[in-house]
Each structure stands twice: as structure tokens, then as C-alpha cells.
Amino acid sequence: MARRYARWKDAVGTSVAALWPVVLTLGVLRNPGRYSPYAVYSGLGSISSQSLSSLPTTDANVYGVSYALGLRAASMLVHGHVPWWNSFEGLCAPLIGELQAGGLFPFTPLLLIHDGSLVFHLALEVVAAVATYWLLREYRCSPVVAAAGGMLFATNGTFAWLANAAFDPICFLPLMLLGVERSRRAAAEGTGGGWRWLAAGTALAILAGFIETAALGLILVAVVAVQRAFTLDSDKLRVYARKAAAGLAAGIAIAAPVLVAFQSYLQNGFVAEHAGNAAAGRLGAEYTPIMVAPYLYGPIRASINPAIHSIWGAVGGYAGFALLALAVASLFGKRDRGLRIALAAWVVVSVGDTLGVPGIHTVVSSLPVLNHIVLYRYFPPTWELALVILAAFALRDLATSSRAEAVIAVTTGILASSAMLLVGILLDPRPVQASRALVPAAFHRSELLIVAVIAGLLLAVLAPTKVRGVLVGIVVVAEAAVLFAVPLLSWPAHDKVDTRAATFLAKNVGSASFFSLGAPAANFGSLIAVRQLNIVDLPVPKAMVPILASLDPYENPTSFTGMHRLIPGAPTPAELVARNVPLFAKYGVRFIVAPTNLRLFGTTHAATLVY
């Protein structure tokens, strides 16, 4: 028999979950114009990313790839052109086949509107909230619990930290799981449908443009789908399998133009470490504490300690103290026992691989397909969703369990989160010692937040049964909101973009190209439809690699920015440019853009100052 829901309750629950990331983000920013990757990372803003005390995101590709290339693809789409090719990046490169621009992603045109990057990210967070809400309703959670789950996943650690293209497919993970669960229910009840949500989620996850996140999400979906098959009678399994296969096949078929273009590009592209065993890397013990206390070392890149500073370039998300505690507490529940175990196993395996746990890391990193993915960076959204589902189950349990059962479950969860924090600190105390010395205020705020969360959970779990789940939910949602808000506060309050250089280049470059030494940043040419030799992308055309190496052998061809790190005994980027002017001209460069303090060509006549 078809399941019926109280429509008004679901309307309210869906609205609360959907509005939460919007209200929270706008409330923290106050001025939406602050959220400007262009201003912060293009090199043309009055406040550069290098001058900020902390950064709003861990990856500058939120501008160079997601925004710049996404805007180029969106502009072509709305003008009636299929964005197969980008004539303004490097020596020309595929655009749809590059994937990260989201050339055929339905949400990409949002980048064209005012504050487009903010609107784009908020739209995906709203999708994440709504999809998680209905997934949890399908798992028989109440509207209140489902709303809390939607709010938690819409403010997850990856959304908070990683705003590049890896952000984009994440919101479709719960949509794919919703398709699996509705397929299972339809098979059990002998009705049609269910698989369409799986098809939509699969297609959109692939079209979103970050194949690593989409692939890991599909593996989680497959694990859950297998587990849910064990809940069906044997005569229903074939129908369920057929529905699940139809959903996946339809989704892949819809995304086929992108996949074909990507496969074609891979045959002629340079993918750096992804050609080998990219999964061999791992994060050290210093990551363990910040999984539960994300700002124990201060906000993103706030600390000048080298070990702490470098870790921000590798992390992909966090859990939070209360979320992990509730996920552990959910393991005491009996309903959906198999699903709880499967999700917990996924968390253990994925986090174990991230931390390099012997045995787990060896096996996972050697698996086909997975060995080409930087797993420690892109696993987090999958285990974050697993933790949110488990936490929702814990909230559901608290509404019916006795006080003693609730206290035991939640206390065990608190102890597990505390153990993870303390073990991580004991394994490598140096980052904590550095944090206490370099960013004492942030360190103590993290301590206070953990104490407040522990006190809040313990007080809430002692409340009467009717309100216990609600109060515990408020604590975990509040902690997630605080953690999510910290990077938002790092967007500069006032930042103006210098448009004069862009205007000059747009008027004068013509059919030639320009090369910059840092500013404007790589891929800026794609924004203003002017050819630029600088390129930041993955893949890059294989034929272009030796050309770039002849211009600067010390630069990474996937990040050819004109700003390679200083190497003792090696020429600086400016010296290489001055030395190779004829070679740059050979490849179509007409203008070199450089900071005025470089005195790039000195007294030579290799070039003429024009602006």
C-alpha cells in the first residue's frame, strides 16, 4: 500500500530544511556581494587572498575553474552554442570534456546572474537539504527529524570548506539514495516507478562536472542498494534489481554526451598524478582532531605553522563533534539495523583509508578506478552523508527510547568523539602545540565549543521523551551552523575589483593572447573572452605540455600561473619571461601582464611598455 504523508507537515519540514542554508549564509554574510571568488582570487581585487588573515575556502579553483570556466560555458549556452571548446584557455582546450566547467549542467547558467557564485552554491545546498529530507522520510523518520537531517547535510563540512567543482555533485548523493529506496519500496509493494529519482540523481551528479565525487557517491549508492536488497522477499529481488539497473542506466545515458567528451579528452589529455596511483596518498594524524573540532588549528590557513598551513590544501571536509557522537549513538538502535551497519562500515573504511590505517588503506587504494582518485580529499562528502543518516536514526530512536537507553547511547557517542579528538592529539601533539601558541583565540574557542556541545547533549538527553530528540537535534544543528559560518566570515567585507586591466586587454589583445605573472590569475581570459596563455585545469591537452615546459620548465602544466615557487639556483618566472619573449610571441602572446614593481625587462628593448 502506498505510503501517505501529512502534506502540511512535509511542506513545513521541506521549507525549513531548504531555507536553512540560505538564511544562515545570508545572515552571516549580511552583504551577499562579499561572496566573490572573482574579487578575492583573480588578483584584481583590492583585497587579495594573500592579504587575508584566513581564507573562505581551501581551494582557489573556486575562481580559476568553477567560476571562470563555468561562466564561459554558461555564456555559450545562453547564446545558443554548445560549449564543446574553449578558445580562451591556454592554446585552446575542450570545455565540456574538461568536465569541471559543468558545460551541460542545468545549474551552471546561474553563474551569469548578479552574485552568481553565491546563488549557484546556495541552489545546490537547497537541493541537498530537500533531497536529504525526503530520503529520511523514506526511511520513516518524522518531519522534524528529516528536517534536522536536511539542515545538517546542507551545512556539511565539504560545503563549508571546499567550494571548487568537487562541491557540485554532492547534493545529488541523497537524491540517488532516495531513488534506491523508492525503487525498493515500489518493488516490495508491486507498484511502478521509483527508479526515476535514481536516474535524475545519477545524471545530474555526472553532469555537475566532478567525476571523482560522483564516482565515490555512486559506489556508496551501490553499497546501500545491495544492503537494501536483503530487506526484500526473494520473489521481489528481480523487480528491485531491474528498477535499480534502469535508474543507473538511464542516468548514465542522459549524461552520455559529457562522458563521451571526457573519455575522448582523456585519450589526449595530461592528468598529472591521476595517471598513476593517486589514491596512494593519505592524511596524517594531524587530520584526526579536526574531523571533530575543525578549527582547533584556527580558521582556514590562519596559522603560519608549515604543517598546519599545508594540511588545508589536502582536506575535503569534517564531521563535527555532535554529528559523530549521534552517529555512534545510532548503533544502539534496532530498526534498520542492516542499513546502520552498512553505513557505519562505509564510514570506518573511508575514514580509515583517509588516515592510512594499515590494511584498509592498502586494499582500498589498490582497487581499480579508485586508484586514480585522490581519495583522502574526495571521500568526505560520502561519509558525511552516512553520518547524517545515522544521526537522524539516533534522533528517531531518542523519541521512543527510555531515559537510561538514551543516556547510554548518547554518552557512548560523546566518549567516541572525545576519544577521536584525544587520540589524534596524542598521535601528533605538535600541531596542537603550535595552534595554542600561534592562534590561541581560535584554539580556545574550539575548546569552548566542544564543552558547550557536550553539556548541551547531556542536558538534552535528560529531557522528557517528547522533547528529547528535538533538543538533541537543536544541539547538533547549532554546532553544524557555527562550524559552517566560520569560513563565511573570512570573505572580506569590502572588496573592489580593478576593471581597467580587463578593459585594456579586451580592447587590445584581439586575436592574439596575453600572459600574466600572477595577476590577473589564470583563466581570467575565459571570463572576458580574451585569449590567455596561463591555464589552471585538469586535464590539460597533452600536446600543450611540452610547449609550456619550454616556456617554464619549473611550472606545473596543470597550474601554469606564472607564479612557480622559488627554487634555489633556478630563474624566477619573471626572468624566464624576459628570456623567452620570442618564444612567447611564437605562441601568440602579444601582451605580458606583470606587477609594476618587477621592472620586467629593465633597460632592454625586448618589449614595449603600453599600459
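Note that these values count all heavy atoms, side chains included, but never hydrogens, waters or copies made by symmetry. All values derive from a computational prediction rather than experimental measurement.
Here the side chain of T57 pairs a donor or acceptor atom with the backbone of W161 at under 3.5 angstrom. Of the possible polar contacts, none joining the E125 side chain to the T155 backbone as a donor-acceptor pair under 3.5 Å is found. Using a distance-only test at 3.5 Å, with no hydrogens or angles considered, no donor-acceptor pair links the side chain of Y67 to the main chain of L527. Looking at E212, its side chain never comes within 3.5 Å of a backbone N or O of H372 through a donor-acceptor pair. No side-chain donor-acceptor contact under 3.5 Å links S183 to the backbone of Y240. Without hydrogens or angle criteria, E286 side chain to I311 main chain gives no donor-acceptor distance under 3.5 Å. Under the 3.5 Å distance criterion, the side-chain polar atoms of N268 are matched with a main-chain donor or acceptor of S264. The backbone N or O of A129 sits nowhere less than 3.5 Å from a side-chain atom of T132 that would complete a donor-acceptor pair. With S75 contributing its side chain and R72 its backbone, the two residues share no donor-acceptor pair below 3.5 Å. Between the side chain of R301 and the main chain of H309, a donor-acceptor pair closer than 3.5 Å is present.
For the pair P539 and L266, the minimum side-chain heavy-atom distance is below 4.5 Å. Residues F560 and V540 are not in side-chain contact: their nearest non-hydrogen atoms beyond the backbone lie 4.5 Å or more apart. In this structure, N164 and V65 have side chains that are not in contact, with every pair of non-hydrogen atoms separated by 4.5 Å or more. A heavy-atom distance below 4.5 Å is not found between the side chains of L576 and E555. For the pair I389 and L177, the minimum side-chain heavy-atom distance is below 4.5 Å. Looking only at side-chain heavy atoms (C-beta outward), S87 and R531 come within less than 4.5 Å of each other. Contact of the P94 side chain with the W85 side chain is registered, since non-hydrogen atoms from C-beta on lie closer than 4.5 Å. Between Q100 and L538, the closest side-chain pair of non-hydrogen atoms falls below 4.5 Å.
To the nearest 0.5 Å, atoms OG1 (T25) and CG (L122) are separated by 5.0 Å. A distance of 14.0 Å separates CZ of F591 from OG of S516, quoted to the nearest 0.5 Å. Atom CG of L110 is separated from atom NE2 of H121 by 11.0 Å, given to the nearest 0.5 angstrom. The OG atom of S66 sits 8.0 Å away from the CG atom of D59 when rounded to the nearest 0.5 Å. The CG atom of L204 sits 8.0 Å away from the CD1 atom of I254 when rounded to the nearest 0.5 Å. Note that CD of E181 and CG of L135 are 7.5 Å apart. Values are rounded to the nearest 0.5 Å.
For the residue pair L111 and S117, the shortest heavy atom distance occurs at CD2-CA, 3.9 Å. The two residues S490 and P56 have their closest heavy-atom pair at CB-N, 3.7 Å. Closest non-hydrogen pair, R282 versus L355, comes out as NH1-O, 3.7 Å. Minimum heavy-atom separation, L29 to Y35: CD1-CB, 3.9 Å. Taking all atoms of both residues into account, the shortest heavy-atom contact from N523 to G64 is ND2-O, 2.6 Å. When all heavy atoms of A154 and F159 are compared, the closest pair comes out as O-CD1, 3.4 Å.
The 12-atom threshold is not exceeded at CH2 of W197, counting heavy atoms of other residues, nucleotides or ligands nearer than 6.0 Å.
W346 and F379 have perpendicular rings, their planes meeting at more than 60° on a 0 to 90° scale where under 30° would count as parallel. Under the 30°/60° scheme for interplanar angles, the aromatic rings of F584 and F515 are found to be tilted. Using bins of under 30°, 30° to 60° and over 60° for the plane-to-plane angle, the ring pair Y38/F524 lands in the parallel bin.
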Worked check of side-chain contact (heavy atoms from CB on, under 4.5 Å) between V221 and V180: CA-CA 8 Å; V221 169; V180 168; 3.6 Å; yes
Let me see the working for S559 and V536 under side-chain contact (heavy atoms from CB on, under 4.5 Å), right down to the final yes or no. CA-CA 4 Å; S559 183; V536 170; 4.0 Å; yes
Show the numbers, then the answer: is there a side-chain contact (heavy atoms from CB on, under 4.5 Å) between L216 and L375? CA-CA 9 Å; L216 293 175; L375 295 176; 3.8 Å; yes
So M544 and I535, side-chain contact (heavy atoms from CB on, under 4.5 Å) or not? Walk me through it. CA-CA 10 Å; M544 195 166 70; I535 182 171; 3.4 Å; yes
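Residues F210 and Y378 place their aromatic rings such that the two centres sit under 6.0 Å apart.
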